[in-house]
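As structure tokens, the structure follows; a few thoughts come after it.
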Amino acid sequence: AEKLTVQIQAHPPAPTLYHQLLLSCKVSGDPGPQEFLWDKEGSHKPLQRGPSSVLHFHSFNESHLGTYTCTVTGSRGTAVATYNLWIDDLVQKVFVFPQETKTSHVLVRAQPGQPLQNLTLCLRSYTDLTRPHSLFSYATKAQANEVLLFKPKPSAYQFHIGGKSVTFTIPPGRAESEHVCASWESATGIVRFWLDGRAWPRKGLQKGYRVGAEAAIVLGQEQDSFGGGFDAQQSFVGEISSVYMWDLELSGSGVKAAMEDTPYETPIFGWRNFPYQAVGEVYLKP
Ligand SMILES: *[C@@H]1O[C@H](CO)[C@@H](O)[C@H](O)[C@H]1NC(C)=O
Ligand SMILES: *[C@@H]1O[C@H](CO)[C@@H](O)[C@H](O)[C@H]1NC(C)=O
């Protein structure tokens, strides 16, 4: 007979704070019925026992971090699986993109749960590139430039929503890292832009638009199609850090808090819980 084996899977694979999370105990080699026992390391009581293979966190938070075990008992015996539920805290770290490529990038493994009517994006970058380059590329299947933060030249930032863009001109020749935030509100179309915590005059675009929730989110390359279509001539070379995205409009004080990596609004994803996958030549460094 086939051996009873068991494995724990998380849905979504990268948990987001204050969102739903499921841990699921996947059994093979036993047609059932089975009993599942869920335990957490350090907890003296079992969390759950019964026929359900799923452990449900309605709103995942820091108190849920830890090591979980699922013990399954069926007609073919007993098997155990363990799972480490963690948050990747990147504070004091940066992604280094050491050279121009058309492949290297960071994939952000999180998405908003629903279409966005308000959003704010913040990040810090450090580069001496003078050619156009992409910092943050959020594509949906319908629109490759659904949300895009792009630098066409050292003295400008372009912020795109749903394929349309506004440009903010900044003083050139700074030779420093730059912290930027950009926000957008569907009800008015108003875009706000902050450089190093200072607000630029407001502009607007895409009033009434909804930003799609099913997204491929990429740092360091510009997507011309969902999850791909990169161009080395628009790739990023240098350092990116403190990346945050919220489903709301941040205030000026919220922007300053994000600059310090101590945001008080819960982001969709942020530097203290950054679910990512580095693809190709990208390094996470202190
Ligand atoms: C975390 O979630 C638990 C419920 O699972 C709740 O009792 C607790 O208050 C929450 N903690 C925080 C810090 O939100
Ligand atoms: C978006 O922001 C507007 C104005 O700040 C607010 O009235 C609205 O409820 C927000 N929408 C969502 C879905 O959060």
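Each ligand, and each atom within it, is numbered from 1 in the order the structure gives. No experiment lies behind these values; they were computed from the predicted model shown.
- Sorted by first and then second residue, the pairs that involve residues 64-93 and meet disulfide bond (SG atoms under 2.5 Å apart), not counting sequence neighbours, are Cys25-Cys70.
- Judged as a disulfide bond (SG atoms under 2.5 Å apart), the pairs with a partner in residues 107-157 (not counting sequence neighbours) are, in order, Cys122-Cys181.
- A cation-pi geometry, defined here as NZ or CZ lying under 6.0 Å from the six-membered ring centre and within 45° of its normal, holds between Lys203 and Phe168.
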For residues 187-198, which side-chain donor-acceptor pairs fall under 3.5 Å, sequence neighbours excluded?
residue: Thr188; atom: OG1; partner: Glu185; partner atom: OE1; Å: 2.4
residue: Thr188; atom: OG1; partner: Ile190; partner atom: N; Å: 3.2
residue: Asp196; atom: OD1; partner: His179; partner atom: N; Å: 2.8
residue: Asp196; atom: OD2; partner: Arg174; partner atom: NH2; Å: 2.4

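- Distances below 4.0 Å separate heavy atoms of Asn61 from the following atoms of ligand 1: 1 (C), 2 (O), 3 (C), 8 (C), 10 (C), 11 (N), 12 (C), 14 (O).
- In the model, Tyr138 has no side-chain atom that pairs as donor or acceptor with a side-chain atom of Gln143 under 3.5 Å.
- In this structure, ligand 2 sits under 4.0 Å from heavy atoms belonging to Gln117, Asn118, Glu185.
- Contact annotation: His64 has at least one heavy atom less than 4.0 Å from an atom of ligand 1.
- Rounded to the nearest 0.5 angstrom, Leu248 CG and Asn118 CG are separated by 7.0 Å.
- By the 6.0 Å and 45° rule, Lys102 does not stack over the aromatic ring of Phe230.
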